[in-house]
Amino acid sequence: MDKKAVRAISPTREEDYPEWYQQVVKLSDMADRSPVRGCMVIKPWGYALWENMVHILDAMFKSTGVKNAYFPLFIPLSFLEKESEHVEGFAKECAVVTHHRLEKGESGGLVPAGVLSEPLVVRPTSETIIGDSFSKWITSYRDLPILINQWANVVRWEMRTRVFLRTSEFLWQEGHTAHASKKEAIDRTYMMLDLYEKFVQDYLAIPVIKGSKTPSERFPGAIDTLCIEAMMQDRKALQVGTSHFLGQNFAKASQIKFQSEDAIEEYAWTTSWGVSTRLIGGIIMAHGDDDGIILPPKVASSHIVLMPIFKKADEKTKVMEYTENLCKELMDKNYFGRSLAVEIDSREIGGTRGWDWIKKGIPIRVEIGMRDIKDNSVFVGRRDKDHKDKKSIRKEEFVSEITNILNEIQNTLFNNALSVRTKNTILIDDNKMFYDFFTPANIENPIIHGGFAMSHWCGNIECESKIKDDLSVTIRCIPFDSIKEKGNCICCGSSSDRRVVFSKAY
RNA sequence: CGGGAAGUAGCGCAGCCUGGUAGCGCGCUUGUUUCGGGAGCAAGAGGCCAGGGGUUCAAAUCCCCUCUUCCCGACCA
């Protein structure tokens, strides 16, 4: 590596964003590629981040009355066939288990032997198998609502994969609820979207736009799909959460019926909603800089690394003691529902140590040497500032201020992400301007361009697909707080009364 | 699945055109000197060159096939 390089990641975001992303994942020590196509190994540093998100979300779900449960990985093929739109949407990306036994083959290797009477689909999502359970659990309106969530892995055999953003197997949560009334189900759909918005903005420090999908972007089988969309630093959109109102479609497919107060047999109204490990990709692309990832403090794998500096053995004893005491003091502090997570890195490897932690995105780095002990202070670097911008702070002050410092970093990340989005969101009413906005100056080597175009859309699928065909730009959502005004469709010019978000997307 | 690029040590690469059985930088290990710090010196560990087949006395190198990864599309959380 070039010793004179000031930045830890090569290439920079500006030079080659996709390659920058790959390097950040690798150098942050969050994940490895797996021997299996399209899959990933989530390493402890990445998994800790996911666990923190899981704990927070789990508590948020439960506070709305949701209970956790677990449903099988394998879904009978016949279940998937029950909802016609659902099959169509997922059929192409299903992994299918057809055999249940391996035997020595003629050429020596193991070959599948026992053919299953009915092939099993590895869940791409669990509406159908959970629906089957719901149909057994629910007989009366008194059984409703039923509010279930499961933390699970799912498999979608994607054409093209990208670590965290689109892997063949990923971790997620899927919430599934059944209600006696349409209104209650719709309310739940919006409630969970609001919950996701709060989580992503308040904890991941990523600003989002809430809205509903156009019919062509809907979850297969849903009546309405709501989403939150975030802008990454390459100005592309990332859907970071979805909530679906499924109407009675899945209830009819799975026979989820109940007797109402009026003793009438009715189909239940269901919803489903989820977020996934894709959020980690979102954190990387929303907050990362040319030195690697920056972890939002509220969900960071760890908050602080203490790096003792010593020359001689007697110094080492003193410095280590001071370090360990500081560590205990810090770990006694509470930060958003958990103790501060503190790492002590006493490897004697010079400055490399500091850069390792910068690349891992830890919010706070603390250097502790004899000089600091003498002054009863610590030498503090923040991940949201330049790597050389380090300050000596009195130890007591550091300990008492630490949660404030973390909050400052959290706020900085949100504000920076918000200003990227604000800067690259524009109202466009002219067709040529729209096409120019989404066309890179050099097609051979497209640099970062585009953003969110807030433009009018007449509502016709023809216009939506023409823009998609021409520019690979899609309607990310119809925002709830869409500017209500008369205008003309950016594509065909017919009248429209609201703007939608157009963008390239992951 | 289409169109491009590429697979050689943990990472980044050279060697391939003109076949002779593997090298560099970083990292890693040990020693030593440094010391507010992406260190200096010395010694060392680590690769059936993605896999399979072929041509040849001899293949990382030439030919064929397969797989994988990355980028751009179609599909998606």
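The chains referred to below are lettered A, B, ... by the order of the sequence lines, with proteins before strands, and numbering in each begins at 1. These values consider heavy atoms only, across backbone and side chains, with no hydrogens, waters or symmetry-generated copies.
- Contacts of A/Gln22 with the nucleic acid, taken as non-hydrogen atoms under 4.0 Å apart, involve only primed sugar atoms and P, OP1 or OP2.
- In this structure, A/Gly38 reaches the sugar-phosphate backbone alone: every heavy-atom distance under 4.0 Å involves primed, P, OP1 or OP2 atoms, never a base.
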Write out a two-atom table: protein N or O, nucleotide N or O from nucleotides 9-12 of chain B, distance below 3.5 Å.
unit_1 : atom_1 : unit_2  : atom_2 : d
B/C11  : O3'    : A/Lys26 : NZ     : 3.3
B/G12  : OP1    : A/Lys26 : NZ     : 3.1

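- Atom-to-atom, CG of A/Asp16 to C1' of B/A5 comes out at 12 Å; the value is rounded to the nearest Å.
- Comparing B/G19 with B/A58, their C1' atoms are spaced 8 Å from each other, to the whole Å.
- Between the CD atom of A/Glu348 and the C1' atom of B/A39 there is a distance of 13 Å, rounded to whole Å.
- A/Phe79 CZ to A/Phe74 CZ: the interatomic distance, rounded to the nearest 0.5 Å, is 14.5 Å.
- Atom NZ in A/Lys388 sits roughly 15 Å away from atom P in B/G36 (whole-Å rounding).
- Residue pairs satisfying the side-chain hydrogen bond (donor to acceptor under 3.5 Å, both in side chains) criterion with at least one member in residues 82-94 of chain A, sequence neighbours excluded, are absent.
- To the nearest 0.5 angstrom, A/Ile280 atom CD1 is 9.5 Å from A/Leu204 atom CG.
- Counting only residues at least two apart or on different chains, the side-chain hydrogen bond (donor to acceptor under 3.5 Å, both in side chains) pairs with a member in residues 218-227 of chain A are A/Thr225-A/His244.
- Comparing B/A50 with B/A59, their P atoms are spaced 15 Å from each other, to the whole Å.
- Geometrically, A/Lys395 engages A/Tyr322 in a cation-pi contact, judged by NZ or CZ lying under 6.0 Å from the ring centre and within 45° of the ring axis.
- By the side-chain hydrogen bond (donor to acceptor under 3.5 Å, both in side chains) test, A/Lys43 pairs with A/Asp29, sequence neighbours left out.
- Other residues, nucleotides and ligands contribute at most 12 non-hydrogen atoms within 6.0 Å of the CH2 atom of A/Trp157.
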Would you list the atom pairs, donor with acceptor, under 3.5 Å between side chains in residues 360-375 of chain A and any protein atom, with sequence neighbours excluded?
unit_1   : atom_1 : unit_2   : atom_2 : d
A/Glu367 : OE2    : A/Lys390 : NZ     : 2.7
A/Asp372 : OD2    : A/Gly369 : N      : 2.7

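- As a whole-Å value, the separation of A/Asp234 CG from B/C71 P is 12 Å.
- A heavy atom closer than 4.0 Å to some atom of RNA chain B occurs in A/Glu367, A/Gly369, A/Met370, A/Arg371, A/Asp372, these being the qualifying members of residues 361-373 of chain A.
- Between A/Val378 and A/Ser34, the one whose closest nucleotide on RNA chain B sits nearer the 5' end is A/Val378.
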Would you tabulate the side-chain donor-acceptor contacts of residues 162-169 of chain A under 3.5 Å, counting partners in other chains and residues two or more places apart, or write 'none'?
unit_1   : atom_1 : unit_2   : atom_2 : d
A/Thr167 : OG1    : A/Glu169 : O      : 2.8
A/Glu169 : OE2    : A/Asn153 : ND2    : 2.8

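- For A/Glu464, there are no salt bridge (Lys or Arg N to Asp or Glu O under 4.0 Å) partners at least two apart in sequence or on another chain.
- Taking the centre and axis of the six-membered ring of A/Phe480, the NZ or CZ atom of A/Lys210 falls outside the cone set by 45° and 6.0 Å.
- B/U34 atom C1' lies 10 Å from atom NZ of A/Lys311, rounded to whole Å.
- For residues 298-317 of chain A, the set of pairs meeting the ring pair (Phe, Tyr, Trp, His ring centres under 6.0 Å) definition, not counting sequence neighbours, comprises A/His303-A/Tyr335.
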Reading nucleotides 72-77 of chain B from 5' to 3' and marking B where a protein heavy atom lies under 4.0 Å of the base, S where only the sugar-phosphate is that close, and - otherwise, the string is BBBBBB
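- For the salt bridge (Lys or Arg N to Asp or Glu O under 4.0 Å) test, residues two or more places apart in sequence or in another chain that qualify with A/Lys62 are A/Asp58.
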Name the pairs: protein N/O against N/O of nucleotides 27-32 of chain B, kept only if under 3.5 Å.
none

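- A donor atom on one side chain and an acceptor atom on the other are not found under 3.5 Å apart for A/Thr12 and A/Glu14.
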